[in-house]
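One structure below.
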Amino acid sequence: MAKTCAFKAEIRQMLDLVIHSLYSKKEIFLRELISNASDAIDRAKYLALTDTTIAPEAPEWSIRLTADAVTHTLTIEDNGIGMSAQETEEALGTIAKSGSKAFAEALKDGKETNIPELIGKFGVGFYAAFMVADGVTVETLRRGEGQSAVKWMSAGDGEYTMDEGSRTTPGTSITLHLRPDQEQFANGWTLKDLVRRYSDFIAYPIYLHEEEAEPAKDEKAAADKAAEEAKPLNTMVALWKRAKSDVKPEEYEAFYRQTLHGMGEPLKTLHIAAEGMLEYRALLFIPKSAGMEMMMPGNRHGLSLYVRNVFIGDEIEALTPPWLRFLKGVVDSSDLPLNVSREMLQDDAIIRKVRSDVTNRILKALAEMAKDKPEQYDAFTTSLGDFLKEGYHSDWENREKIVELLRFRNLKDGKYTSLKAYKEAMSEGQKAIYMLTAESLQAAQQSPCLEQLKAKGYDVLFLTTPVDQFIASEFYEYDKTPIVFADKGDLGLSDDDAKKSLDDAEKTLRPLLDAVAKQLEATVKEVRLSTRLTESPCCLVQDPSALNPTMRRMMEAMGQTVPEEKRILELNPNHALIKTLAEETNEGKRNDTVELLYGQACLAEGSLPADPAKFNRLVAELMARA
Ligand code: ADP
């Protein structure tokens, strides 16, 4: 009994957009359907390893295209896993795929106009068929015992029909009733060209059969046609199995985009053929930037795994350490058994070796990039540097290599700098590496805590990304040189003379320090004089062990309760304002100035004064007086 159902709303909306988009490269529908067919065969082949009812003997796994220029139809058929009625309904109609809504939104926004990339990214490939067809019929029979054939039809207009099917062999055929202006897709030459261009590395033979309007002239012509049609259109050798010298850059890029759903061009491609103790092949890509999905913790990630040409699975997390989750690619090992399961992979010795080898090669590639192509490496740091920093935090095995790859913006010229380069350029007599955490490069550059360092001509490295805040406390030494944070503790820069003059100043300013401490008791734990400042009247600093203020704000923003930790207010004894303040006899006026000073110190490090309204009022009054 046929039943007609409505598509899920998101799917309808997405279909509408796909059909009516003005996107000119409608041909990509073919690559999507062939890739689905190939996936279906991968699955069948894999399941057949453990379940003989799936495939009692190995058939010739293949994909067949049938083009009919008379009826203007194109059929893509595979002998893969097939679908049960429920699976068909779930896959092609009712279950709102997480992707379709996001896809529709991205398209509607108009910001993303690259439909093929979007289709790949959101996993809605099947629906691309409706760009060229005004009717799609799916005939499918699930492999395995006790399955019945299913027929699914839709004109892409909001509804689909499900009925009993007529297929007698397991697999799926998808017939497209081509739109009048898309009839070229029933043309043999067009199809051959498209398969070579988009689907050449599909591991199963893709055959083409053309229905002719008239029968062959004679037997010879018929035999020639049959022989021609028995030749697969694709070369089938997986890209990673080919010699590096045989693969063109555009082939790598096509693979990256079409198979791995990468966006744009990759930043770096690694084609690995490991031999010797550990044998495996891999095709790895460092993307130019991480997708949104990468940023969300808990999302699956990881490389795809093949064992001797059989697809085992994608998003195999065991193949890379978590911090390398931006990496895309394929690993093919001949040393693993075919029937490995995801669970087994987790503690498989070979997988562990591959993982460590892959990690080493990526680290090496990054080190080379940093050396030979510094601009490219800067781009990597900007978009993916935080992943590396996460690696520094979590991957102890590789920490020494990773630390050399880290880059921080510096005070001198705002450029990315390595710890090594910093150390090599240190001024004579400079005993420590100076760092500062801040919310942005601009905030860092303007921090009053840097004044003394600037006066000395010392450079400072800035930690300004969210991950920086988490790992800042892990920087305490590099290559036997201590790392000191510019806003924490004593910078240890004052010579004996400076210390003496500070002691002298302390004697005269003691009453002021006590008065300020009393006034700000609630927010500040200590008020002291310091040599950290040369231009500003005051700044806020912390104990060396304290949580940095940016980190604190981040944690609070995430809804965590962070124990209150009072700061230290440092005053510059040489500043005219401090001197006048010490002589101020009107207590009310002095209190207001202290309040203003404290507010300024807060603003300088990126936080708000304790009472912003009062701070504003005081500033206004001050202006009125001036
Ligand atoms: P994706 O392939 O990214 O999941 P699609 O929209 O292309 O998204 O396909 C949706 C689902 O339909 C697939 O995940 C698969 O379960 C099913 N499907 C599509 N084509 C086939 C096929 N030829 N054989 C078996 N299942 C298929």
Side-chain angles (χ1 to χ4, degrees), residues 7-8 10-15 17-19 28-48 54-55 59 61-66 74-104 115-133 136-144 147 149-154 156 160 162 165 167 169-176 198-199 202-204 206 257-262 291 293 300 304 311 313-315:
F7 282 116
K8 250 291 186 331
E10 293 95 296
I11 296 190
R12 209 164 51 231
Q13 194 186 5
M14 179 213 31
L15 261 174
L17 287 160
V18 168
I19 294 168
I28 54 102
F29 81 91
L30 186 64
R31 154 199 111 189
E32 297 298 327
L33 297 183
I34 289 180
S35 147
N36 279 353
S38 168
D39 288 350
I41 298 176
D42 280 340
R43 282 186 60 207
K45 230 172 132 181
Y46 178 54
L47 292 178
I54 298 288
W61 302 107
S62 64
I63 299 164
R64 292 178 185 274
L65 310 181
T66 305
L74 167 65
T75 302
I76 296 100
E77 181 180 10
D78 65 72
N79 54 358
I81 189 74
M83 287 178 277
S84 66
Q86 195 192 340
E87 284 166 342
T88 309
E89 205 161 5
E90 285 180 2
L92 310 181
T94 53
I95 296 285
K97 281 198 269 177
S98 56
S100 32
K101 195 163 179 199
F103 176 92
I115 292 187
E117 285 192 0
L118 285 178
I119 285 175
K121 189 165 144 197
F122 295 117
V124 292
F126 169 78
Y127 301 99
F130 289 100
M131 291 201 291
V132 298
V136 175
T137 307
V138 180
E139 290 263 13
T140 184
L141 174 60
R142 178 71 154 83
R143 279 186 178 270
Q147 300 286 343
V150 179
K151 182 176 180 176
W152 179 102
M153 282 185 299
S154 175
Y160 64 94
M162 295 263 293
R167 258 193 96 85
T169 53
T172 304
S173 71
I174 298 178
T175 301
L176 312 185
Y198 289 118
S199 313
I202 291 287
Y204 308 104
I206 303 169
R257 280 205 291 270
Q258 288 153 23
T259 309
L260 301 174
H261 305 322
E293 64 272 26
R300 296 214 358 217
S304 301
F311 175 74
D314 53 9
E315 301 176 326

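Counting convention: from 1, in listed order, for ligands and their atoms alike. These values consider heavy atoms only, across backbone and side chains, with no hydrogens, waters or symmetry-generated copies.
Taken from CG in L260 to OG in S304, the straight-line distance is 6.0 Å, to the nearest 0.5 Å.
Other residues, nucleotides and ligands contribute only 12 or fewer heavy atoms inside 6.0 Å of the CD atom of Q86.
Applying the salt bridge (charged side-chain N to carboxylate O under 4.0 Å, His left out) rule to R12 yields no partners; only residues at least two apart in sequence or on another chain are considered. Scanning for ring-ring contact (aromatic ring centres under 6.0 Å, His included) contacts around F29 gives F185, with sequence neighbours left out.
Checking only distances, R43 never comes within under 3.5 Å of ligand 1, N or O to N or O. An N or O contact shorter than 3.5 Å links N36 to ligand 1 by distance.
Near T172, meaning under 4.0 Å from one of its heavy atoms, ligand 1 places the atoms 22 (C), 23 (N), 24 (N), 25 (C).
For atom 24 (N) of ligand 1, the nearest non-hydrogen atom from the set A129, A44, A91, A40 comes from A40. When the heavy atoms of M83, H261, R143 are ranked by distance to atom 27 (C) of ligand 1, first place goes to M83.
Here L33 has no heavy atoms under 4.0 Å from ligand 1, in either its backbone or its side chain.
Of all non-hydrogen atoms in E139 and G165, the two that sit nearest each other are OE1-CA, 3.6 Å.
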